[in-house]
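First comes the structure, then the notes that go with it.
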There are 2 protein chains.
Amino acid sequence: MTVIFSKKCEYGLQAVLYLAAKEVGGIVSADEIAKKLNIPKEFVSKILQNLTESGIINSKKGKSGGFSLAKHPANIRLIDVVAAIDGLGIFSTCVLGFPNCSPDHPCPLHEKWGALRTSAYNMLTEQTLDQLKEKTLHKIAHLEA
Amino acid sequence: MTVIFSKKCEYGLQAVLYLAAKEVGGIVSADEIAKKLNIPKEFVSKILQNLTESGIINSKKGKSGGFSLAKHPANIRLIDVVAAIDGLGIFSTCVLGFPNCSPDHPCPLHEKWGALRTSAYNMLTEQTLDQLKEKTLHKIAHLEA
DNA sequence: TCTAAATCAGATTATTTTATCTGGTTAAAG
DNA sequence: CTTTAACCAGATAAAATAATCTGATTTAGA
Ligand code: SF4
Ligand code: SF4
């Protein structure tokens, strides 16, 4: 089985959604994120470091340090997180793995697939963290059920 | 970057499309498929063996042996190939990797994502090999360009 | 019958992805 | 000033995926 996003990207999206579900500007430690989301702590730490480099979140070192969103949740799109971690290759490479893709030589599925892929891209571009806050809170509340 | 289908599945789909682009009932060797599609021969051989076990293609051993579709191309859907290789997990697991998915506790993206996923599933279910024959021929003709 | 060309089965290797470890630096609080 | 709780950076290990290898069996045809 394969998947749309890498584990890194899934965890990154979860973590950023988690941050957005908190108070705006609130600081959360990697440890809390790892515990609440059941993600290996060392792994999520690395991912949070990446997202910090990408300018999506800020980090604060030292005691009572942690991570917070670098912008208002309304200004962080899901596609930004995906681009920072997995990149956008998934939206330009062939579903069937054929080489030499071009408008003249599309793969057999392109017509059908292209439309879906564009929808997915648009969806990730339209959805911002703030729009998902309520649903995230609801999901988080039931994670350890 | 990640991808929808595993390499195995991509190659499997390519190979089956290639078979369907040939004469109905025609036998093609793993060697020819590997050369034409630029896939490692040993790898595609293994995949073809899998598809044979799954009943999607037939194999003929010995000199002038090879592989052929087990059914008429109109009766082989893309989803059948995907199910045989990657399985259908991708259509039921969470895009965001959240656990405990249920109608009561969907992940924040489910509403938007579910629709897309269903579209993808339907597309793969509706598309049969024969419908893609012309496009496959066109793509194959330009692979080594 | 013998050879060549093919599939088949299982083991092995290589590469990528996922996860962990180790030691260091930063900064709040007593 | 010292302790403690956090991030940081780079190396390492484990697991999954992709690819290759080895030897056997099958079968058409010279
Ligand atoms: S045309 Fe085919 S090969 Fe090119 S991107 Fe679209 S799906 Fe992929
Ligand atoms: S609800 Fe969310 S968690 Fe469940 S399947 Fe849909 S996308 Fe995944």
Side-chain angles (χ1 to χ4, degrees), chain A residues 1-15 19 26-70 82 85-87 89-90 93 96-97 99, chain B residues 1-15 19 26-70 82 85-87 89-90 93 97:
Chain A
M1 199 226 303
T2 314
V3 93
I4 310 293
F5 304 126
S6 67
K7 272 282 171 239
K8 243 166 134 172
C9 194
E10 286 181 2
Y11 291 158
L13 285 163
Q14 288 187 23
L19 285 177
I27 288 191
V28 182
S29 71
D31 196 61
E32 173 180 336
I33 295 175
K35 283 204 176 75
K36 289 287 174 52
L37 298 176
N38 291 298
I39 301 175
K41 182 192 168 183
E42 321 294 342
F43 197 24
V44 84
S45 294
K46 264 277 161 330
I47 297 167
L48 290 166
Q49 283 178 39
N50 292 163
L51 291 173
T52 302
E53 287 169 25
S54 304
I56 293 173
I57 61 181
N58 286 325
S59 70
K60 187 186 169 204
K61 294 182 188 176
K63 192 162 179 174
S64 79
F67 299 88
S68 58
L69 296 181
V82 172
I85 301 179
D86 277 350
I90 193 179
T93 59
L96 297 181
Chain B
M1 199 229 302
T2 314
V3 94
I4 310 294
F5 303 126
S6 67
K7 273 280 170 241
K8 242 166 135 172
C9 194
E10 286 181 3
Y11 291 158
L13 285 163
Q14 288 187 23
L19 285 177
I27 288 191
V28 181
S29 71
D31 197 60
E32 173 180 338
I33 295 175
K35 284 205 176 71
K36 289 287 173 53
L37 299 177
N38 291 296
I39 302 176
K41 183 192 168 183
E42 323 294 342
F43 197 23
V44 83
S45 294
K46 263 276 161 326
I47 297 167
L48 290 165
Q49 281 178 40
N50 293 163
L51 290 172
T52 302
E53 287 170 22
S54 303
I56 291 173
I57 62 181
N58 287 325
S59 70
K60 188 186 170 203
K61 294 182 188 177
K63 192 165 179 170
S64 79
F67 298 88
S68 58
L69 297 180
V82 172
I85 301 178
D86 277 350
I90 193 179
T93 59

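Below, read A as the first sequence line, B as the second, and so on, with proteins coming before strands; counting in each chain starts at 1.
Applying the salt bridge (charged side-chain N to carboxylate O under 4.0 Å, His left out) test to B/K41 and every residue at least two apart in sequence or in another chain returns B/D31. The side chain to side chain donor-acceptor pair (under 3.5 Å) search around B/K8 returns none, not counting sequence neighbours. Every residue was checked against the side chain to side chain donor-acceptor pair (under 3.5 Å) condition with B/K46, not counting sequence neighbours, and none meets it. Applying the side chain to side chain donor-acceptor pair (under 3.5 Å) test to B/E32 and every residue at least two apart in sequence or in another chain returns B/Y18, B/K22.
We find the CG-CD distance between B/L37 and B/E10 to be 12.0 Å, quoted to the nearest 0.5 Å.
Between the two ends of the helix from C/dT1-D/dA30 to C/dG30-D/dC1, each summarised by a five-pair axis, the helix axis turns through 10° (rounded to 10 degrees).
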Cut-off 3.5 Å, no hydrogens considered: what does the side-chain donor-acceptor table look like for residues 61-68 of chain A, sequence neighbours left out?
none

Listing, residues 47-59 of chain A side-chain donor-acceptor contacts under 3.5 Å, not counting sequence neighbours, or none:
from	atom 1	to	atom 2	distance (Å)
A/T52	OG1	A/L48	O	2.7
A/S54	OG	A/N50	O	3.0

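The closest donor-acceptor contact from the side chain of A/D86 to the backbone of A/F5 lies at 3.5 Å or more, if one exists at all.
Distance, B/I27 CD1 to D/dT26 P: 17 Å, rounded to whole Å. Between the CD atom of A/E10 and the P atom of C/dT18 there is a distance of 9 Å, rounded to whole Å. In this structure, B/I85 atom CD1 and D/dA18 atom P are separated by 11 Å, rounded to whole Å.
Within residues 28-50 of chain A, the residues that have a heavy atom under 4.0 Å from DNA chain D are, in order of number, A/S29, A/A30, A/K46, A/Q49. The stretch residues 51-70 of chain A comes close to DNA chain D through A/S59, A/K60, A/K61, A/G62, A/K63, A/G65, A/G66, A/F67, each having a heavy atom under 4.0 Å from the strand.
Applying the ring pair (Phe, Tyr, Trp, His ring centres under 6.0 Å) definition to pairs two or more places apart or across chains, those involving residues 27-61 of chain A are A/Y11-A/F43.
The nearest pair of heavy atoms linking B/V44 to B/A15 is CG2-CB, 4.5 Å.
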